[in-house]
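Written out below as structure tokens is the structure these notes cover.
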Amino acid sequence: MVAPLPALLAELARSARARGGTPVVLGLSGLVLVVAQAFVLTAETEVAVVAQIATFTFLVTAYLAWSREPERGVLLALAMLPIVQLLSLALPTRVVPTLQWFMMIGAPTYLLLVLVGYRMGLRPADIGIRFTRWQPQVRVFLLGAALSVPAYLILRPEALVADPTPVNVLTAAVIVAVFGGFLEEGLLRGVIQSVADRSLARGSIVVSAFATGLLYSASLDLRYLVFAVLVGIAFGLVVRRTGSILGSACGHAALLVGQLVLLPVILG
Amino acid sequence: MTGTVTQVAIDSLPGTPGQALASGAAGIVVAFLLALIAVRLLLVVADTERGRSILPVVDLAIAPLLAAFLMLMGGRLLEILPIG
């Protein structure tokens, strides 16, 4: 029973060497991201900010030091996560309505997405911004809309709209869709998964699901975390199969709009 | 993402943009931004091939953080200016 374990480890090490240390570098990067997120979840905000800065520095340094293409691109894509966390930790204030946080954090994140895409030579089609067969996209959109019900029941978020007039609800829906659903799909499935897809094939879905879990762990609800990761895997599979993020982006937007805007007004 | 990430910091959120600028978290982020800008300037002055390849990567962090800082400053200006 003992003998196969060293053999397995030796095989893993041989495999890692053959792939230029890719599993080691990516595994270590994942570990650093998890540790930094643990600081976000458990430590004071200032400590969490320092941890995120250290993580960004680690990922960018590793990206610059590692010459292996296209694998090293995953590190630069993952380096967006600590920047998003920094924005989320430093920008929101109590006096500003929660709805505005989406724009405050979303606008710089869109800028980050564009810069990373430009830096990595990603065209819109490369990150899945293209029309493919419409039937699967509509199905994903409907799936996202349906999933907003369990998402709401798990998290029971407070209503984003204090005065639910049609105009206010519509405004909130547009903001959540643009700065929530579309942005997250662009980040997680658009850039991170498509960059990982160049070097890791199916493993790219694991990377995007990992990033999803990392961001959603801050909800401090294990059931919601598991839900978000499963939805991330489902959307990742759809994007990989169809080559387009349009359906998953609309589905993600429908999920968030239902969960954060419509259902709290209707059921809350 | 944006709605859930902040859940962990919700109890210690600053009240106004002015308090946000004075808080430790924003202070550290601004210090990081200044350090990145300093690194960028040094790389430009050094004018080496390696330095030029690093510049776009440094810009990746500078651009969104600078945009965020300007938004905070905008919020602070609205807070202190007697508009309306």
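Residue numbers start from 1 in every chain, and the chains themselves are labelled A, B, ... in the order their sequence lines are given, proteins ahead of strands. Everything numeric here is computed off the predicted structure, so don't read it as measured data.
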Can you tell which part of Phe56(A) gets under 4.5 Å to a heavy atom of chain B, answering side chain, backbone, both or neither?
side chain

Given heavy-atom pairs under 4.5 angstrom as the criterion, report whether the side chain, backbone, both or neither of Tyr110(A) touches chain B.
neither

Output the option from Ile28(B), Leu66(B), Leu65(B), Val29(B) having the highest count of non-hydrogen pairs under 4.5 Å with chain A.
Ile28(B)

Pair count under 4.5 Å, heavy atoms only, with chain B: among Leu115(A), Ile53(A), Leu111(A), Val49(A), highest is Ile53(A)

Pick from Leu60(B), Val30(B), Asp59(B): which one has the most heavy-atom pairs with chain A under 4.5 Å?
Leu60(B)

Given that the side chain runs from C-beta out, which part of Leu76(A) has a heavy atom under 4.5 Å from chain B: side chain, backbone, both or neither?
side chain

State, to 0.1 Å, how close Leu112(A) and Pro64(B) come at their nearest heavy-atom pair, and which atoms those are.
CD1-CG, 3.9 Å

Could you tell me whether Glu69(A) atom CD has more than 12 heavy atoms of other residues or ligands within 6.0 Å of it?
yes

Between Ala63(B), Ala26(B), Ala20(B), which residue shows the highest count of heavy-atom pairs closer than 4.5 Å to chain A?
Ala63(B)

For Arg119(A) and Pro56(B), which heavy atoms make the closest approach, and how far apart are they?
NH1-CG, 3.4 Å

Determine the minimum heavy-atom distance between Leu72(B) and Ala90(A), stating which atoms define it.
CD1-O, 4.3 Å

In terms of heavy-atom contacts, does CZ of Phe210(A) have more than 12 from other residues, nucleotides or ligands at under 6.0 Å?
yes

So for Leu87(A), is it side chain, backbone, both, or neither that comes closer than 4.5 Å to the heavy atoms of chain B?
side chain

Value for CZ (Phe32(B)) from OG1 (Thr57(A)), rounded to nearest 0.5 Å, stands at 4.5 Å

Please report the closest heavy-atom contact between Met71(B) and Met104(A), naming both atoms and the distance.
CE-O, 2.9 Å

